[in-house]
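All values derive from a computational prediction rather than experimental measurement. Numbers restart at 1 for each chain; the letters A, B, ... are given by sequence-line order, proteins then strands.
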Protein chains: 2
Amino acid sequence: MRPLLRLWSRRAFSQVRPKQFPSPRVNSRCYSQTVLPHDSFGNLHRSHCAPFAAPTHKCGALCASDTGTQVVLAGWLLPERKISKTMSFFPIRDSFGTTQLVVLRKGDAAARLSALSDIPVESSILIQGQVRLRPEKSRRPESSTGDIEVEVQAFTLLNAADGHMPFVPSDPHNLANEDLRARYRYLDLRRSALSDNLRKRSQVARLVRDTLYEQDFLEIETPILLKSSPEGAREFLVPTRVTRHSDGAQEPQFYALPQSPQQPKQLLICSGGVDRYFQLARCFRDEDGRKDRQPEFTQIDLEMAFVSWGGTAPDASMCVGSDQWRIGGSEVRNVVENIIRKVWRQMEDINLEDSFRVMTYHNAMTRYGSDKPDIRFGLELSDISDRLSPRISDVLNTLGQSIECFVVRRSVDGSFVNADQDYQHESDPAVERILLTADNATTWLSKSRTVVLGLQVEGEVQEADLNEVLNLNIGDSIYLATRSLTPEGGSTKLGRARLQLAELAQRCGDYLPTETPHFLWVTEFPLFTRADQDKEFLAHGRWSSSHHPFTAPMWEDIEALYNGDIAKVRGQHYDLVLNGVEIGGGSVRVHDPTMQEHIFANILQLTPPEMASFGHLLDALKYGAPPHGGIALGFDRLMAILCKTQSIRDVIAFPKTSAGTDLLFKSPATVDQNVLHQYGIQPRR
Amino acid sequence: MRPLLRLWSRRAFSQVRPKQFPSPRVNSRCYSQTVLPHDSFGNLHRSHCAPFAAPTHKCGALCASDTGTQVVLAGWLLPERKISKTMSFFPIRDSFGTTQLVVLRKGDAAARLSALSDIPVESSILIQGQVRLRPEKSRRPESSTGDIEVEVQAFTLLNAADGHMPFVPSDPHNLANEDLRARYRYLDLRRSALSDNLRKRSQVARLVRDTLYEQDFLEIETPILLKSSPEGAREFLVPTRVTRHSDGAQEPQFYALPQSPQQPKQLLICSGGVDRYFQLARCFRDEDGRKDRQPEFTQIDLEMAFVSWGGTAPDASMCVGSDQWRIGGSEVRNVVENIIRKVWRQMEDINLEDSFRVMTYHNAMTRYGSDKPDIRFGLELSDISDRLSPRISDVLNTLGQSIECFVVRRSVDGSFVNADQDYQHESDPAVERILLTADNATTWLSKSRTVVLGLQVEGEVQEADLNEVLNLNIGDSIYLATRSLTPEGGSTKLGRARLQLAELAQRCGDYLPTETPHFLWVTEFPLFTRADQDKEFLAHGRWSSSHHPFTAPMWEDIEALYNGDIAKVRGQHYDLVLNGVEIGGGSVRVHDPTMQEHIFANILQLTPPEMASFGHLLDALKYGAPPHGGIALGFDRLMAILCKTQSIRDVIAFPKTSAGTDLLFKSPATVDQNVLHQYGIQPRR
């Protein structure tokens with residue numbers, strides 16, 4: 001830590017200030033009347049808040065062509081650099097840039113100007129001076145103001161920085177600890193690393209909005225005080241002073257904060273009043289402090305009426321398994337790709353491909369063991385179940401499992417060889433790593449832990465065939481694991497092992513992910529997954545919605561939906577994945593009220609009150625609701641990627657800790673019981 | 001009400017549909033495979049959700065130059081107009097406009113196309129057809145698509161409107177009652193009267209943002225989950241599952257929703273990371289259902305560092321009482337005027353003046369009896385206190401009162417003469433109306449109720465002088481009332497009477513307010529007003545802040561602030577008033593931590609916990625916070641004015657009733673006790 005700054009005396013400056021400043025733009029007669037002797041507390045403070053001339057330029061604005069101009073600048077004073085007895089440099093900074101001030105302590109001005117050296121850094125000051133060209137050798141062309149400096153003629157202290165700052169933000173080499181920076185977030189934001197992120201965020205928001213406006217979208221604000229709904233993750237409640245009486249007792253009434261504007265936006269589209277909706281929407285999720293999640297976050301939220309299959313409607317040549325866009329929502333796809341292309345062109349100077357790659361969920365899981373595959377590197381998975389003996393197949397079938405593997409090839413995957421060797425130490429016990437040697441070349445699978453212990457069958461594999469299929473060589477590493485045949489979450493064991501290897505390889509410097517962003521649409525997710533106990537809501541039956549209950553099935557699977565072949569039904573859902581990170585997801589929605597009711601009643605088996613809570617949506621579908629679809633992109637995550645930071649906290653002005661607390665505003669906090677009583681509630685006994 | 005629509009049979013259409021649609025852009029082979037016999041529920045529904053070709057144009061897009069083009073349009077079907085046995089017109093509408101469809105029931109297509117007549121209006125359909133020029137005499141140049149019509153070749157029903165719609169939005173002559181329209185807001189939004197408002201709102205939001213971006217503002221999102229603070233009106237609380245233990249008991253912890261981003265935005269500016277902040281910010285106020293207030297609303301919120309007195313710093317020639325901008329914040333003024341000018345130019349085609357009029361609070365109250373004067377008409381007030389006898393003056397002084405009047409002149413104020421005669425019936429008893437006659441010309445004041453009963457002095461007035469000063473003539477009406485010398489709220493009795501007269505005159509058609517918008521800045525408000533019991537917060541002493549405790553005093557009044565002459569202190573506050581409606585307010589803030597502490601501790605006399613809740617702001621001021629100021633404009637109110645509607649509900653997509661309830665989403669609502677328990681609360685016993 002930097003030593004605490006010397007406490008500066010206000011009085012000293014207030015006495016010298018008046019003389020320093022008659023700016024040419026300020027009527028000095030006016031000043032002479034009002035600068036009273038400092039005989040009272042009031043007068044002293046008057047001088048600190050006295051009128052001052054308007055700054056003529058921002059601190060990042062002056063350049064060579066301004067040479068000779070008289071200017072007034074306001075900003076924060078940075079540390080002095082003494083050049084000689086009579087000359088010092090002071091940078092002055094505002095959020096637009098930094099200008100070098102030159103102070104010459106000569107002649108009449110010497111006494112007045114040397115007082116600048118006593119002002120603590122980070123104080124805000126106003127200076128008057130003249131722009132001059134720097135000597136040739138001192139120019140810094142990399143800075144916008146690098147060609148000039150301003151010779152100070154007079155200055156005014158606007159507000160002195162306290163001598164006891166908890167840390168000095170202009171000192172990048174002494175970064176205070178995270179808690180202290182969170183408590184004094186406003187000082188931390190003075191660091192350009194953070195303020196640059198906020199500037200970028202504002203620029204990207206503008207780009208996104210402009211792109212959408214150009215495509216005839218309207219930005220519509222939807223309610224933040226909404227209704228508690230049984231849709232998914234936990235909601236924040238908002239007590240109201242509206243009360244309802246039931247059985248003689250008062251019942252408190254609550255709004256809920258929206259997890260997303262899903263229902264309002266669908267209703268807007270159903271209304272027909274707005275065919276293209278968007279919003280940079282604030283959303284709220286009361287989740288237990290997951291790392292890098294915020295209780296409030298922002299999404300780029302959009303929805304469109306009459307979304308279709310695009311120019312190339314599905315046809316027979318699009319066989320199952322081909323990686324093509326075979327669902328509706330092609331207009332949403334185009335709009336999103338357009339946004340992303342513009343953002344990357346403008347912010348990153350990268351021209352992205354004309355249309356992003358598409359991969360079905362099935363292929364993503366089979367080839368990468370993940371529904372948000374990182375396709376920047378290989379190590380692709382192979383399902384080897386049907387290369388095994390009938391007996392093993394039977395066992396696998398009974399267990400509802402398959403066997404998959406990937407190979408780190410000594411000859412090809414050089415970047416991963418060291419990582420492969422390090423892997424052992426932190427491996428998932430369910431993932432088996434086998435080094436192929438001359439000794440085990442014909443027994444590696446049949447004697448593997450996975451087969452012997454996991455399946456309890458032995459000696460049923462013809463490794464020779466398999467070695468050829470997998471193109472194995474001595475020295476290669478084989479990663480082996482079983483996988484459930486029904487989808488379980490977003491990744492398989494081997495999918496995770498594959499990512500761990502990449503992380504290890506990156507850490508030891510062998511693997512540097514390509515700079516080119518790899519965008520990928522993942523489509524054709526299963527519409528329903530088996531309900532598990534984690535999902536409290538909308539899962540009374542065996543099935544719960546993989547995403548949300550409004551996603552439409554693929555047209556080809558509608559019959560299965562009504563015939564009860566639920567596991568088979570794929571949704572018209574699409575996720576946008578960037579370098580293995582999901583940055584958004586959306587779908588074509590159900591627009592047929594009978595189908596929506598079937599999903600609610602027969603598949604999700606909602607209770608009558610749950611059904612009732614969707615009554616307005618079912619009604620809205622009945623009045624000529626158009627086919628529609630949309631998407632939500634996580635704006636915080638997108639910005640973190642663009643700002644090249646790991647934490648979304650670095651792209652949010654006032655973030656909360658992972659525990660959901662705000663150290664700056666000291667929230668959440670207790671509330672007086674009298675206040676709670678107005679809302680008909682009290683602390684739980 | 002329109003009679004209920006005939007229930008339409010889904011089966012009938014699903015059977016004819018497949019034949020109607022092989023669009024040229026859809027592979028028909030694909031269709032023939034998938035259009036199965038309707039032998040099961042699933043197949044029936046498959047056909048309703050079948051892929052369809054992408055619409056080629058929006059319904060407002062086609063014009064004469066598209067003649068001959070094959071098009072695909074999607075939209076809502078409006079009522080048929082039968083021209084002959086073989087020809088009908090159907091308008092098709094989306095949110096971008098309406099296109100006239102022509103259906104010719106001739107030849108092969110007759111049977112297929114006549115099915116269109118059976119589709120209920122408001123159903124969403126897709127049509128394929130060819131653009132043709134309308135016959136010369138049928139063209140409607142006032143409509144963007146008025147030159148063309150589309151001859152339908154095939155159609156697909158996308159979603160049928162239910163036969164039992166609660167009301168038909170396309171029928172403007174049968175407006176359903178307000179409750180029904182609120183419950184079915186999505187149907188109401190299909191009315192172009194409302195959807196046009198939403199479009200306008202989006203356009204204005206874009207204009208505002210663009211104007212601010214061009215002036216180097218950054219849009220920064222501030223927290224919605226904030227801290228309960230003792231700032232003013234009531235806040236909404238948000239219970240959390242974060243708990244704190246004190247004395248062995250769990251204490252529930254709450255966030256609060258912000259009434260405005262006042263503190264976050266000041267902290268942003270103090271940070272120095274952002275010198276120009278703005279946000280279209282959602283704000284929340286838990287006020288008892290005032291007419292046309294919403295519990296959540298949007299403001300155009302901005303804040304700037306280093307705001308100054310502008311080019312013309314205050315000088316001696318700006319004598320007290322002159323209507324000039326004599327406070328800081330001139331940059332805020334310029335930015336706001338710039339926004340407003342752009343909006344009015346773009347949306348209203350009106351070029352506003354280069355700089356808006358300024359009036360001090362003192363002059364506004366004295367001349368118009370209001371701090372948001374409607375200056376579109378005269379009837380200006382006169383304070384006649386110092387025209388009266390010393391004895392009356394003494395009495396007035398003792399009572400802390402003055403006497404003011406305004407005159408409706410028979411000769412000049414023709415528009416108000418009828419209103420003046422009507423006024424009696426609904427008059428405020430404290431306002432006296434005196435008709436000047438030959439009889440009372442020399443006694444009207446001395447014998448007035450105000451003087452005789454109110455002040456209990458008589459015969460002390462020289463009416464002759466006064467009649468000359470006021471330029472009274474027989475037949476004029478004089479409105480007379482006393483007024484408190486210390487400011488009490490935003491208007492005087494006579495100020496209200498003046499507005500009532502204008503309302504009456506408008507109602508009887510005598511007075512039509514000018515179409516030109518009259519913008520006005522009101523400045524130099526008293527910084528503090530006497531605390532009254534309505535204000536619960538921050539008013540332990542005799543004084544409470546007129547606006548909020550962060551507003552800076554006028555420089556000239558700082559001495560009074562420290563010397564205890566509180567009533568004299570004027571603030572650097574500015575309200576923007578349009579035609580007598582306040583559309584925004586802001587101020588230069590206190591940036592001197594000692595002054596802020598003085599206001600908190602010595603004037604508002606905050607308790608230590610209240611002081612502590614402002615600790616972060618006081619700290620932030622200590623670290624070189626720049627002079628700063630900002631403003632918030634009420635976006636909902638602004639849009640209501642631009643949309644020429646009385647109710648802000650007409651410019652909000654999903655508004656709440658004045659009681660704060662949402663009839664569409666049915667919120668607020670009760671919440672299960674188990675859920676409440678997770679937040680450490682329970683209903684009050």
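In this structure, the portions of B:D216 lying under 4.5 Å from any heavy atom of chain A include both its backbone and its side chain. Residue A:L676 touches chain B through its side chain alone, counting heavy-atom pairs closer than 4.5 Å. Only the backbone of B:V307 comes within contact range of chain A, with at least one heavy atom under 4.5 Å from a heavy atom of that chain. Heavy-atom distances place the side chain of A:L257, and not its backbone, under 4.5 Å from chain B. The parts of B:R190 that come within reach of chain A are both its backbone and its side chain, each placing non-hydrogen atoms under 4.5 angstrom from that chain. With a 4.5 Å cut-off on non-hydrogen atoms, B:R183 does not touch chain A at all. The part of A:E331 that comes within reach of chain B is its side chain, from C-beta onward, which places non-hydrogen atoms under 4.5 angstrom from that chain. In this structure, the portion of B:R282 lying under 4.5 Å from any heavy atom of chain A is its side chain and not its backbone. When heavy atoms are compared at a cutoff of 4.5 Å, B:R201 approaches chain A solely by way of its side chain, counted from C-beta outward.
Using a 4.5 Å heavy-atom threshold, the side chains of B:Y679 and B:V675 count as touching. Annotation: side chain of A:S202 is not in contact with side chain of B:F217 (no heavy-atom distance under 4.5 Å).
Note: A:P627 leads A:S123, A:G328, A:P627 in heavy-atom pairs under 4.5 Å with chain B. With respect to chain B, the highest number of heavy-atom pairs below 4.5 Å among A:L268, A:L621, A:V590, A:L77 belongs to A:L268. Your options are A:H591, A:K622, A:E296, A:R191, and the one with the most heavy-atom pairs under 4.5 Å with chain B is A:E296. Interface check for chain A: of the options B:H616, B:R209, B:E122, the most heavy-atom pairs under 4.5 Å are formed by B:R209. Note on A:H677, A:R276, A:R199: by heavy-atom pairs under 4.5 Å with chain B, the leading option is A:H677. With chain A as the partner, the residue from B:P169, B:S192, B:G75 showing the most heavy-atom pairs under 4.5 Å is B:G75. When B:P655, B:G272, B:A305 are compared by the number of non-hydrogen pairs under 4.5 Å with chain A, B:G272 comes out ahead. Residue with the most contacts toward chain A among B:L198, B:V671, B:I224, B:D210: B:I224 (heavy-atom pairs, distance under 4.5 Å). Your options are B:I125, B:L218, B:L189, and the one with the most heavy-atom pairs under 4.5 Å with chain A is B:L218. In terms of heavy-atom pairs under 4.5 Å with chain B, the best-connected choice from A:D619, A:L561, A:T661, A:D662 is A:D619. Chosen from B:F96, B:Y184, B:Y255, the residue pairing most often with chain A at heavy-atom distances under 4.5 Å is B:Y255. Chosen from A:S271, A:S195, A:P295, the residue pairing most often with chain B at heavy-atom distances under 4.5 Å is A:S271.
In this structure, A:E221 contributes its side chain and B:I652 its backbone to no donor-acceptor pair below 3.5 Å. Looking only at distances, a side-chain donor or acceptor of B:R185 sits under 3.5 Å from a matching main-chain atom of B:A653. Without hydrogens or angle criteria, A:D592 side chain to B:C49 main chain gives no donor-acceptor distance under 3.5 Å. Here the side chain of B:W76 pairs a donor or acceptor atom with the backbone of A:G624 at under 3.5 angstrom. For the pair B:E219 (side chain) and A:A205 (backbone), a donor-acceptor distance under 3.5 Å is absent. Looking at B:S330, its side chain does come within 3.5 Å of a backbone N or O of B:S308 through a donor-acceptor pair.
A pairwise comparison of heavy atoms in B:P120 and B:A161 identifies CG-O, 3.4 Å as the closest pair. Nearest heavy-atom pair across B:P55 and B:A74 is CG-CB, 3.8 Å.
Between B:D275 and A:K58 there is no salt bridge, since none of the side-chain N atoms of the basic residue sits less than 4.0 Å from a carboxylate O of the acidic one.
Using the six-membered ring where Trp is involved, A:Y186 and B:Y623 have ring planes that are parallel, under 30° apart on the 30 and 60° scheme.
Checking each of B:T240, B:L225, B:L237 against B:F254 for a side-chain contact (heavy atoms from CB on, under 4.5 Å) leaves exactly one that passes, namely B:L237.
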